**Q** 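The structure that follows is given in the form of structure tokens.
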Protein chains: 2
Amino acid sequence: MTDPDPMLPLLWRGLVDQPAAAPKRGPKQKVSVDEVVDAGVEVADTEGLAALSMRGLAQRLGLGAMSLYTYVPGRDELVVLMVDQVLGRGDRPTLPADVRRRLELVAETALADYLAHPWLLEVAGLRAWLGPHAADRYEWQLTAVDGLGLGDVEMDQTVALLDGIAATTARAVQEVRAAERRSGLTELQWWEANADALGEAMAGRDYPLAGRVGQAAGELYQAATDPDRQFRFGLARIVDGLLVHLDREKSR
Amino acid sequence: MTDPDPMLPLLWRGLVDQPAAAPKRGPKQKVSVDEVVDAGVEVADTEGLAALSMRGLAQRLGLGAMSLYTYVPGRDELVVLMVDQVLGRGDRPTLPADVRRRLELVAETALADYLAHPWLLEVAGLRAWLGPHAADRYEWQLTAVDGLGLGDVEMDQTVALLDGIAATTARAVQEVRAAERRSGLTELQWWEANADALGEAMAGRDYPLAGRVGQAAGELYQAATDPDRQFRFGLARIVDGLLVHLDREKSR
DNA sequence: TTCATCCTCGTACAACGTACGGAATTGGAG
DNA sequence: CTCCAATTCCGTACGTTGTACGAGGATGAA
């Protein structure tokens, strides 16, 4: 009915449209789409997604700003290509037999992806775009939860759940880093510098639990949050819950 | 040692610094910080966070653009204030006795917050800033997981886990909406329009599981994703896991 | 009445994505 | 060999953004 999405040929470039893909007339391109995307990934990895500008990227590639638009329709589309590109770079370990380790591995692998490329968390619509590497990754995630007794739909939901806690954890890590960059203080330093002001602000208000829990957490974490501990706790609960679910289904 | 954070007095405005807070000389302010923040929330709720510009907001308030900076240090800081503001608006239901319902309620309440104000998900330092309403909310969340036999630190981690799945779910909802806005097509329409192109692109590649699971999920969801079902499945597994954990701890 | 203090806001600047159109380059057709 | 259509490259320009700066006006204490 409607036009096909122009992003699909770009995402699957080189794997589709082999016939009549290259233009026959006109000058050669100075670089390639892959080089553009890789350069974008490098900028985003080192300076953050916000620092990725079309002008800057063009300069890095020895191009005029507007030349980029012959490779990529626009900045948003470039980012989509970057996402698929880095999803193909992560390790995809061979799967152990132990079910618990298998499930944990899905989350741990996703976490490694997000920590290696934190800007993935800033781009919305991750699941919406199906590029070749995203598809490979999804396929790998599904194999990890295959043969456990889950239904097809539940396999999808399980992968989403495990990927979700990885993303949440990576976000927590990223928030701490961002806060430290902004204030120039480590988390601990910030709390020390602002403990008085905060205590004064909260005076007259009752936070019995938050006060107690915050203190206990602060002493253990030596910070306000501890993403790593949160990940391990949350993942343990999720896997426990999944195993319970598997047992229940099996004995039906 | 270092200077206290200038955001704290702003976040806790009206609750601290009652003496000598108002300036004595000079003209009165045309509006109030609360009006500015509320107007910002209104814009973000209806048009999205990206549509919130200082100029636009000032005009809406009958102010010159630069006058906003006498109320708020900058756009980022305004957003922080907006976050705390809306966190004080959500329902905080009375807690049922049943443990499962209690845990579910924490996640469901958080989900309602995120769905009502999707731009919360775009704010990077959501958890970093402790304003009065964020503190109230955290205290309420802790009361929901209090008295279940969890340790102090585990209470914090449990709340984070439940809040996390709510955020993940709300993000999934938001991503679907964003994709539909961008393409002008509903998810189903997009898949119909692009099924051929995708099939051609993926030809020659093997996605046995993704193909099977995708089809099963698509038929059930009538879409590529179903955030609501994912939420219910994930939450059920998490609560199962938490209950298992509580049992184990109790019998030690 | 004077003056320090605070608010208001016009102007200006740098940076952004990108629309537009001309110049340059290429390969196939005649 | 010539010519032309196709394609890439890129300088210029527009609109939009956050906000630095400083002039002007309003206010209340001295």
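Worth saying up front: this structure is predicted, and the values here are computed from it rather than measured.
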**Q** Between C1' on dA23(D) and CE on Met66(B), what's the gap in Å once rounded to a whole number?
**A** 13 Å
**Q** So if I take residues 38-54 of chain A and measure heavy-atom distances to DNA chain C, which residues fall below 4.0 Å?
**A** Leu52(A), Ser53(A), Met54(A)
**Q** In whole angstroms, how far is the P atom of dT17(D) from the OH atom of Tyr69(B)?
**A** 11 Å
**Q** What residues form a side-chain contact (heavy atoms from CB on, under 4.5 Å) with Val86(A), not counting sequence neighbours?
**A** Val41(A), Arg89(A), His117(A), Trp119(A), Leu120(A)
**Q** Please classify the nucleic acid contact of Gly26(A) as base, sugar-phosphate, or nothing, using heavy-atom distances under 4.0 Å.
**A** base
**Q** Between dC7(C) and Ser67(B), is there an OP1 or OP2 to side-chain N/O distance shorter than 4.0 Å?
**A** no
**Q** In terms of side-chain geometry, is the basic nitrogen of Arg182(B) or Asp76(A) positioned less than 4.0 Å from the acidic oxygen of its partner?
**A** no
**Q** Any side-chain donor paired with an acceptor under 3.5 Å for Asp163(A) and Tyr114(A)?
**A** yes
**Q** Between Gln59(A) (CD) and dC16(C) (P), how many Å, whole number?
**A** 11 Å
**Q** Does any non-hydrogen side-chain atom of Val37(A) lie less than 4.5 Å from one of Tyr71(A)?
**A** no
**Q** dT8(C), OP1 or OP2 - any side-chain N/O from Tyr71(B) closer than 4.0 Å?
**A** yes
**Q** To the nearest Å, how far apart are Gln29(A) CD and dT26(C) C1'?
**A** 13 Å
**Q** When you check the side-chain N and O atoms of Asp84(B) and Trp129(B), is any donor under 3.5 Å from an acceptor?
**A** no
**Q** In Å and rounded to the nearest 0.5 Å, what is the CG to OG distance from Leu61(A) to Ser32(A)?
**A** 9.0 Å
**Q** Starting at atom CZ of Arg55(B), determine the distance to atom P of dT16(D), rounded to an integer number of angstrom.
**A** 10 Å
**Q** Charged N to carboxylate O below 4.0 Å: is that the case for Asp136(A) and Arg92(A)?
**A** no
**Q** Where each residue is assigned the nucleotide of DNA chain D containing its nearest heavy atom, which of Arg75(B) and Lys28(B) is assigned the position nearer the 5′ end?
**A** Arg75(B)
**Q** Distance check needed: dC6(C) P versus Leu63(B) CG, whole Å only.
**A** 19 Å
**Q** Of the listed nucleotides (dC7(C), dT8(D), dT19(D)), which one gets closest to any side-chain atom of Pro27(A)?
**A** dT8(D)
**Q** Between Lys30(B) and dC9(C), does any side-chain N or O lie under 4.0 Å from OP1 or OP2?
**A** yes
**Q** Between C1' on dC16(C) and CG on Asp76(A), what's the gap in Å once rounded to a whole number?
**A** 13 Å
**Q** Check this one for me: any side-chain N or O of Arg25(A) less than 4.0 Å away from OP1 or OP2 of dT26(C)?
**A** no
**Q** Just the rounded figure in Å: distance from P of dC10(D) to CG of Leu57(A).
**A** 14 Å
